[in-house]
Every structure is written in C-alpha cells, then in structure tokens.
Amino acid sequence: MNLFKNTFIQALGVAALVYLTLQALGWGLESVLNILESFARWYRYSGSKWLEEIAIAAGAGFLLISAVINSK
C-alpha cells in the first residue's frame with residue numbers, strides 16, 4: 001500500500017506506539033505503587049505493633065539455641 005510509505009503516517013504510528021508504551025509503563029508503575037502503599041498501610045497499623053515482641057522472641061530463641069549448641 002502506498003499509504004504506509006508516507007512519512008507522516010509512519011511518524012504518526014511511531015508517536016502512537018511510544019505513547020501507548022509510556023501509558024502502559026505508567027499504569028504498571030501505578031499498580032505496583034498502589035500495592036506497596038497498601039502493604040505499607042497494613043504494616044504501619046498492624047505489623048509495627050509486634051516488632052518489640054518479635055525482637056524479644058528472636059533474642060530468646062537465639063540464646064536458647066546458643067546454650068544448647070555450646071553446652072558440653
């Protein structure tokens with residue numbers, strides 16, 4: 001076809017392809033950021049309340065395992 005050899009039509013096609021690619025990247029990045037934001041919100045309100053208890057339990061577990069391994 002003679003229409004696709006037109007330089008203006010080719011430039012328009014390239015511009016449309018670049019636009020759609022950038023739109024897809026934007027949508028993908030926005031989706032990932034929404035997922036991370038929801039995880040951060042959950043962690044802020046639920047997960048961070050247990051940090052002290054988790055640290056104490058991990059320390060006690062390490063001390064117990066060290067005592068069992070190093071006992072003669």
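In this chain, residues are counted from 1 in sequence order. In this text the structure is predicted, and so the values were computed from the model without any measurement.
Put simply, the side chain of S46 never gets that close to the backbone of Y43: no donor and acceptor are under 3.5 Å apart.
Every residue meeting the salt bridge (charged side-chain N to carboxylate O under 4.0 Å, His left out) condition with R41, not counting sequence neighbours, appears here in chain and number order: E37.
In terms of hydrophobic clustering, with Ile, Leu, Val, Met, Phe, Trp and Tyr side chains grouped at heavy-atom distances under 4.5 Å, W42 and L51 are assigned to a common cluster. Hydrophobic clustering places L22 together with V14 (ILVMFWY residues linked when any side-chain heavy atoms are closer than 4.5 Å, directly or through intermediates).
Here L64 contributes atom CG and I69 contributes atom CD1; the two are 9.5 Å apart, rounded to the nearest 0.5 Å. Once rounded to the nearest 0.5 Å, the distance linking CG of L17 with CG of L12 reads 11.5 Å. Interatomic distance, L25 CG to L20 CG, rounded to the nearest 0.5 Å: 11.0 Å.
Within 6.0 Å of atom CD in E53, more than 12 heavy atoms from other residues, nucleotides or ligands are found, so the atom counts as buried in its surroundings.
For the pair Q10 and K5, the tightest heavy-atom approach, listed with the atom from each and the gap, is NE2-CA, 3.9 Å.
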